[in-house]
Amino acid sequence: MSPKKDQPKELPKTYDPAAYEGAVYAAWEKSGAFKPVSDTKPKLRKERKAYTIILPPPNVTGVLHVGHSLMITLEDALVRYHRMKGFDTLWLPGTDHAAIATEIKVEQALREEGKDKRELGKAAFVRRAKQWAKDHKHIIEDQTRAMGASVDWSRNAFTMDKAREQSVQEAFKRLYKQDLIYRGSYMVNWCPHDRTVLSEEQVVHKEQEGVLYYLKYGPFTLATTRPETKVGDTGVAVHPKDKRYAKWVGQTIDVEMINGTHQIKVVADEAVDPEFGTGAVKVTPFHDPNDYEIGLRHQLDQLEVIGEDGRMTEAAGKRLAGLDRFEARKKTVDWLKQKKLLVKEEVIKHSVGRCERCDAVIEPRVSTQWFVRMTKIAKTALAFVDDGRLKFAPARFEKTYRMWLEQLHDWCISRQIWFGHPLPAYVNGKGETSLTAKPGFKKSPDTLDTWFSSALWPFSTMGWPKQTADFKHFFPNDVLETGYDIILSWVVRMCLMTAALEVKNPATGRVDPPFHTVYLNGIVRDGRGRKFSKSLGNGVDPLEMIGKYGTDALRFTLATSNAPGADVNFDEQRVVKSRNFANKIWNISRFVINAVEGEAGLDDLQAETLTTFDRGILYKLYRLNQEVERSFHDPAAYDKPGIEPRPAEVRRPRTYDLAHAGNALYQFVWSDFADWYLEAAKVQLRNAETARNTGIILKHVLETALHLLHPLMPFVTEVIWRDGLGRKDPLITGAWPAVHEDLDQPEDGERFDRIREVIETIRRIRAEHKTPAASFVQAYIVTDEPAWIVEAGDVINKLARLSMLRVGQHPPRGDVASAAVGDATVVVPLAGLASDTAAGHLQREIEAKRMEIERLKGRLANKEYVENAPEHVVAETKAKLAEAEAALAKLEAS
RNA sequence: GGGCAAUUAGCUCAGUCGGCUAGAGCGCCGCGUUCACAUCGCGGAGGUCGCUGGUUCAAGUCCAGCAUUGCCCACCA
């Protein structure tokens, strides 16, 4: 604890997040709290272990959505925790240039001005796009601030800034030299709207209804969903074992098309399913991935009939040329009908690939593009998980990672859009490539897939290929936290690039994974488990939530809404609950601050006069500390020397279960501390003998709880710390509270709970007998072990609203209500109360006890149970039985 | 077609080496008493833990099968 203090301020009655959050964030940032401590104290670089997280860079085009909020919440909690634990902590922010998304936005802006990007020209367009990105990136950055993210803005990166440009160029060149990048003509996914090739991952397959047309096709009848491609057919394929068509195989047949009669070769190929349709399939090698393969195997011609713009080419013939592919389909069908070549139409469901950005139907086509060879480097990436250097949380996602690496196809990295990293290579007329300008070679007009730069992010942000001080200290990163929906497009590729570029871990000198753990969060859905969508109108704006309830409330809600890796059902009611929780913390603090004076600490406690409540709450606080640490604990982060984990943490970590931590905190703060200890403290503070201890404990528990809460609820805890308690050193850089092992006394907790049960029991009896809230009743507690209950007498009197309490062996006779609490019995005389149910009540209590005794006796009578169950379980059962029998005896006596 | 999840109170979810009477919040019903908080306090009702078998002294928890829902992967025209 720091001795430095400002004058505490009087806290208002209700916590108003909006009144503090902006200023608190600004103060944190200004103080340098977000930066690694070693930035100002370079000596610490050697002494302290680094803890590094890179923020998955949001698109510059984006605005904050709840998915971002979840990500920021989890990462910030981890970062704040490790900062408080004494790691040299770096959380590095950045944004992604999102090539296609940005290009689309800028095109839109141009269109609104009545301009077209092609008439503007490439150079001007790129300038404009860069400016647009620059103008917009602050939006998502400001929103990241609003979430309270303790990122180091001084290291803010952008996938297209100078340093990252160097990383990208260098990466391309190295891969090219190692023959891991090549250029070639293959079947690719083409978006006719954006006029660029896309990678497999940028194509979204959607199930939709379509028509399967059965056509007369020379001597065959065959089925197709894409009749417009007929003019591009150069073959018909059948299965080699299909007897129906055997006689045609190898022949060339005449087929009537809309643009004349074509000679079509009939081939036999295993790829044809004789069961589907008619068992014969038309082959369009230029425009279908399967047909492309069949065409290669049988040397069929490739005929381009649909152009890059999605319109039919000259080769499609006069009647179709220039038409959009879907118009061409209609026209072809009309023509087929007219010629009586259409046998039937069947409505089917089939999957159609669409562009993930613009939703246009993908047109597969043959095209010359650049690719990264994946198979070789995949082995290294698989080794990362094989030998346990890379772990997934939850572990099941490791399977997804493996699955993808085991069935890998080469990655198409060239794009025909204008905005992006220029592809740093030259090509000549013969298709030869070069990294440098040579006579006859021209600079490639292509740009690189956005994900190419993202794949370098864990080390490009650290200055790679330069061996900067940051690289040496902060690489590899610790945790990569992100949504499970981008394992493939991003996580896998970062690992592949680390392997391909042989980015060495400075600490081990070998190629290690770029992070030791991948922590995956789920997708945020609405309260009923549906995905957010514009058409449902169920979207949630995190900024609106922040405005209404405060950032801490949103964060606490997101952190506690689900188990790790599971989807989050977002329910605004829970944000209300979290807001109320923040307010509860606020008011607890107001009470403690007003009630307690002085700076005495735990060392000043007088052990002899500690009450059951005092010991109990300290024990529960100790357990809470353990529980929260266990939830945050990541064994891998401790791998390097410097910070020793506590033994208990390591025993059974619940890696990254922040929901568990949040629930434990909520339970402790609201129930144990506010509802019980605080109420007991109100009594103890009036007693000269217990007042001093109580004050010390109130303050100690509050201050400790503020620390433990801080990673999840940074704002309210900091405000209380600063304004309420008047602390000068901010909480954000405070040290994680120590635990006092000597407080680990479970019986203290049990006694606390036992007294709680006594009070609850009396209250229940009061309620059952309709005792007016304001009235007082008397109570007897029949017990063999009265000392610590007697000591709590004043508290019981107040909380159960008693006019008299007796503890001892002799309960009153007659008209009473009795209930068992452990082996004790609580007896409340009913004289003067609405007591019609007294006898029934006692009877029910006795009956319940008897049932319990029966059950326990039955279990102990079971030989196999006694022999097989572990000793402590059996002993526990025996103790329970003894307790129940004692309780029954007392009930029957009353 | 292959794989992965989920299924516990009206709703949203906890329940981590199998072991007392399965918990929380919200919602619902009843009552509100002293100066932290009505964004509050106290009490209560509410569950055949999806179904069927199996393992075990003991199953919400482990195993098998089934059902329903969701997600991912896969070239079926």
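This is a predicted model, so every value here is computed, not measured. Protein chains get the first letters and strands the later ones, always in sequence-line order, with residue 1 at the start of each.
When rounded to the nearest whole Å, the span between CZ of A:Arg766 and P of B:G44 equals 14 Å. Separating the NZ atom of A:Lys857 from the C1' atom of B:A58 is a distance of 21 Å, rounded to the nearest angstrom. Atom CD1 of A:Ile759 and atom P of B:G43 are 10 Å apart (whole Å). Taking atom NZ on A:Lys770 and atom P on B:C42, their separation rounds to 19 Å, with Å as the unit. Taking atom CG on A:Leu685 and atom P on B:A36, their separation rounds to 11 Å, with Å as the unit. In this structure, A:Phe776 places its CZ atom 13 Å from P of B:U33, rounding to the nearest Å. For the pair A:Asn580 CG and B:A36 P, the computed distance is 19 Å after rounding to whole Å.
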Practice task
Fill in the dot-bracket string of RNA chain B, one character per base: . for unpaired, | for a pair to another strand, ( ) or [ ] for pairs within the strand, taking Watson-Crick or G-U pairs under 3.5 Å.
Solution key: (((((((..((((.....[...)))).(((((.......))))).....(((((..]....))))))))))))....
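Nearest nucleotide to the side chain of A:Lys584, out of B:C57, B:U39, B:C37: B:C37. The side chain of A:Arg764 lies closest to B:G44, out of B:C73, B:C37, B:G44. Closest contact between the side chain of A:Phe276 and the listed nucleotides B:G32, B:C37, B:C76 involves B:C76. The side chain of A:Arg686 lies closest to B:U34 when the candidates are B:U34, B:G41, B:U21. Comparing B:A77, B:C73, B:G25 against the side chain of A:Thr224 picks out B:A77 as the nearest. Of the candidate nucleotides B:C57, B:G3, B:A36, B:A36 has the atom lying nearest to any side-chain atom of A:Asn587. Listed nucleotides B:A74, B:C57, B:G43 differ in distance to A:Ala869; the shortest reach to its side chain belongs to B:C57. If you check B:A5, B:C20, B:U39 against the side chain of A:Arg396, the one that comes closest is B:A5.
With hydrogens and angles ignored, a donor-acceptor pair under 3.5 angstrom links the side chain of A:Glu679 to the base of B:A36. Donor-acceptor pairing under 3.5 Å, judged by distance alone, is present between the side chain of A:Lys682 and the base of B:A36. Side-chain to base pairing of A:Lys399 with B:C4: no donor and acceptor N or O lie closer than 3.5 Å to each other. The base of B:C26 is not paired with the side chain of A:Lys577 by any donor and acceptor separated by under 3.5 Å.
Between A:Tyr245 and A:Phe220, the ring center distance clears the sub-6.0 Å criterion.
Listed by chain and residue number, A:Arg493 satisfy the salt bridge (Lys or Arg N to Asp or Glu O under 4.0 Å) test with A:Glu201 (two or more places apart in sequence, or in another chain).
The cationic group of A:Lys682 lies under 6.0 Å from the six-membered ring centre of A:Phe591 and within 45° of the ring axis, placing it in a cation-pi geometry.
Among residues at least two apart or in separate chains, there is no side-chain hydrogen bond (donor to acceptor under 3.5 Å, both in side chains) pair with a member in residues 662-671 of chain A.
Projected onto RNA chain B by closest heavy-atom contact, A:Thr400 and A:Glu876 fall at different nucleotides, the more 5' of which corresponds to A:Glu876.
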